[in-house]
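One structure below.
Residue numbers count from 1 along this sequence. FYI, side chains are in, hydrogens and waters are out, and symmetry mates aren't considered; it's all heavy atoms of this structure.
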Amino acid sequence: MAFLVFDLGGTLMEYQGMPANWSDFYLDGFQRVNDALQMNLTNQELMDACEILRSYNPRICGREKEYSPEYLFEKAIVSWNRPSLCPSTLVEYFFDGLKLVPIIYDDTIPFLNLYRAGRGHAAILTDLPSAMPDQLIRQHISKLLPYFDFYVSSATCGYRKPNPAGLQYLAGKWKTKLSELCLIGDEEKDEKTAKAAGCRFIKIDRSGKNPQLPHNLSELSSVLGL
């Protein structure tokens with residue numbers, strides 16, 4: 001019985017035009033907050049919030065512990081000195097300002113149809129973009145969720161890759177050994193996560209630069225013998 005665990009961004013989908021590190025777009029998010037709530041924030045206040053949020057960005061600071069969006073935004077706006085602001089409201093307007101456009105890769109659903117037809121088990125294991133609410137990414141990938149036994153984010157298990165907590169959580173849910181899992185992802189941290197957990201790893205290279213790796217999920221089918 002196969003137990004495949006899929007990374008999300010860069011493996012099954014992406015956000016159009018967004019790089020792995022979103023910190024350059026923080027100002028757009030905070031400006032949306034400023035405009036929507038008519039706060040008349042100074043440019044310095046906006047930049048201060050960006051710098052604090054950037055200091056928590058795991059692509060920059062390398063943190064593995066996950067924090068809630070509310071916690072991160074409370075920290076980010078401390079210099080604004082506006083204690084009455086609701087962090088949840090800030091989060092909503094901030095991500096609205098980023099104008100995220102989720103794109104599910106063309107090969108994703110056909111592959112999942114083929115794989116699940118063989119009664120294989122599948123799960124998603126994803127690190128949330130820094131300060132992003134779990135429910136927002138679930139909404140963006142709602143078409144994918146029915147194909148998976150479990151959706152596990154860094155918010156679910158409390159830790160980000162390469163910490164193996166997410167894989168340990170899934171092994172417990174499936175009541176199987178970690179060595180029976182196979183993690184499929186596109187980044188070095190995915191490989192490190194699999195190594196830390198003692199499970200198999202398959203890298204997807206959607207750039208097509210490495211001829212020895214599958215470049216999409218259609219090619220992954222051959223690797224898995226589907």
Side-chain angles (χ1 to χ4, degrees), residues 4-29 32 53-54 56-60 62-63 66 69 72 91-92 94-116 122-148 150-157 160-162 166-167 182-194 201-221 223-224:
L4 299 187
V5 182
F6 292 84
D7 168 57
L8 190 56
T11 302
L12 302 179
M13 57 82 69
E14 66 181 34
Y15 284 104
Q16 186 176 38
M18 299 296 284
N21 181 352
W22 290 11
S23 60
D24 290 344
F25 295 84
Y26 289 169
L27 185 58
D28 293 338
R32 169 61 176 148
L53 191 57
R54 189 175 287 114
Y56 282 93
N57 187 308
R59 298 279 181 176
I60 297 172
R63 67 176 169 91
E66 187 60 284
L72 293 174
V91 171
E92 178 183 351
F94 178 88
F95 281 97
D96 183 56
L98 297 191
K99 298 180 174 60
L100 298 175
V101 179
I103 298 175
I104 297 172
Y105 295 134
D106 291 341
D107 55 290
T108 295
I109 290 179
F111 170 84
L112 292 172
N113 275 320
L114 176 64
Y115 175 68
R116 293 314 296 264
I124 289 173
L125 176 60
T126 184
D127 286 340
L128 295 173
S130 190
M132 187 173 186
D134 207 358
Q135 64 268 25
L136 181 56
I137 200 165
R138 282 176 175 269
Q139 176 185 333
H140 288 168
I141 63 166
S142 59
K143 291 182 180 179
L144 295 182
L145 293 178
Y147 294 95
F148 293 93
F150 303 108
Y151 162 88
V152 177
S153 72
S154 49
T156 308
C157 62
R160 306 177 65 86
K161 305 168 191 173
L167 290 174
C182 178
L183 178 60
I184 297 165
D186 69 310
E187 294 188 75
E188 182 182 3
K189 69 173 181 175
D190 298 316
E191 185 171 6
K192 289 181 177 179
T193 306
F201 174 69
I202 299 176
K203 186 173 184 178
I204 298 291
D205 174 28
R206 287 191 176 274
S207 71
K209 294 179 180 179
N210 190 333
Q212 297 181 332
L213 297 175
H215 300 152
N216 52 51
L217 297 185
S218 298
E219 294 182 13
L220 177 63
S221 298
V223 174
L224 296 172

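- Note that CG of Asp24 and CZ of Arg54 are 6.5 Å apart. Values are rounded to the nearest 0.5 Å.
- Within the structure, side-chain hydrogen bond (donor to acceptor under 3.5 Å, both in side chains) pairs that include any residue of residues 136-146 comprise Tyr15-His140 (at least two apart or interchain).
- The side-chain contact (heavy atoms from CB on, under 4.5 Å) test with Leu8 singles out one residue from Ile137, Leu128, Leu125, and that residue is Ile137.
- Considering OG1 of Thr11 and CD1 of Ile124, their distance stands at 10.5 Å, rounded to 0.5 Å.
- The distance from atom CG of Leu224 to atom SG of Cys182, rounded to the nearest 0.5 Å, is 6.5 Å.
- Residues in residues 210-220 take part in no side-chain hydrogen bond (donor to acceptor under 3.5 Å, both in side chains) pair, two or more places apart or across chains.
- The residue from Leu12, Ile184, Asp7 that alone fulfils the side-chain contact (heavy atoms from CB on, under 4.5 Å) condition with Ile204 is Ile184.
- Across all their heavy atoms, Gly185 and Phe201 have their closest contact at N-CE1, 3.7 Å.
- Put simply, the side chain of Arg160 never gets that close to the backbone of Ser154: no donor and acceptor are under 3.5 Å apart.
- Atom-to-atom distance recorded for Phe150:CZ and Leu145:CG is 13.5 Å, nearest 0.5 angstrom.
- Of all the heavy atoms in Asp28 and Gly97, the pair that sits closest is CB-O, 3.9 Å.
- Looking at Lys161 and Asp190, a side-chain N of the basic residue comes within less than 4.0 Å of a carboxylate O on the acidic one, giving a salt bridge.
- At most 12 heavy atoms of other shown residues, nucleotides or ligands fall within 6.0 angstrom of atom CG in Asp106.
- At least one side-chain heavy atom of Leu100 sits under 4.5 Å from a side-chain heavy atom of Trp22.
- Within the 4.5 Å cutoff, the side chain of Ser130 has no heavy atoms near those of the Glu66 side chain.
- Heavy-atom minimum distance, Ala131 versus Val91: O-CG1, 4.3 Å.
- In this structure, Ile60 and Ser23 approach most closely via the heavy-atom pair CD1-OG, 4.1 Å.
- The shortest side-chain heavy-atom distance between Pro214 and Asp205 does not fall under the 4.5 Å cut-off.
- Side-chain contact of Asp134 with Ser153: a donor-acceptor pair under 3.5 Å is present, judged by distance alone.
- Side chains of Leu220 and Phe6 form a contact here, defined as non-hydrogen atoms less than 4.5 Å apart.
- Applying salt bridge (Lys or Arg N to Asp or Glu O under 4.0 Å) to Glu187 and the options Arg59, Lys203, Lys192 leaves one that passes, Arg59.
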### Task
Show your reasoning for whether side-chain contact (heavy atoms from CB on, under 4.5 Å) applies to Tyr115 and Leu217.
CA-CA 10 Å; Tyr115 175 68; Leu217 297 185; over 6 Å; no
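- Checked for salt-bridge contact, Lys189 and Asp127 meet the test: a charged N lies under 4.0 Å from a carboxylate O.
- Looking only at side-chain heavy atoms (C-beta outward), Leu112 and Phe148 come within less than 4.5 Å of each other.
- Contact detail for Phe25 and Gly17: the closest heavy-atom pair is CZ-O, 4.2 Å.
- Considering OH of Tyr56 and CZ of Arg63, their distance stands at 9.0 Å, rounded to 0.5 Å.
- Atoms CD1 and OG1, from Ile141 and Thr108 in turn, are 11.0 Å apart once rounded to the nearest 0.5 Å.
- A cation-pi arrangement is absent between Arg32 and Phe94 under the rule of less than 6.0 angstrom and at most 45 degrees off the ring axis.
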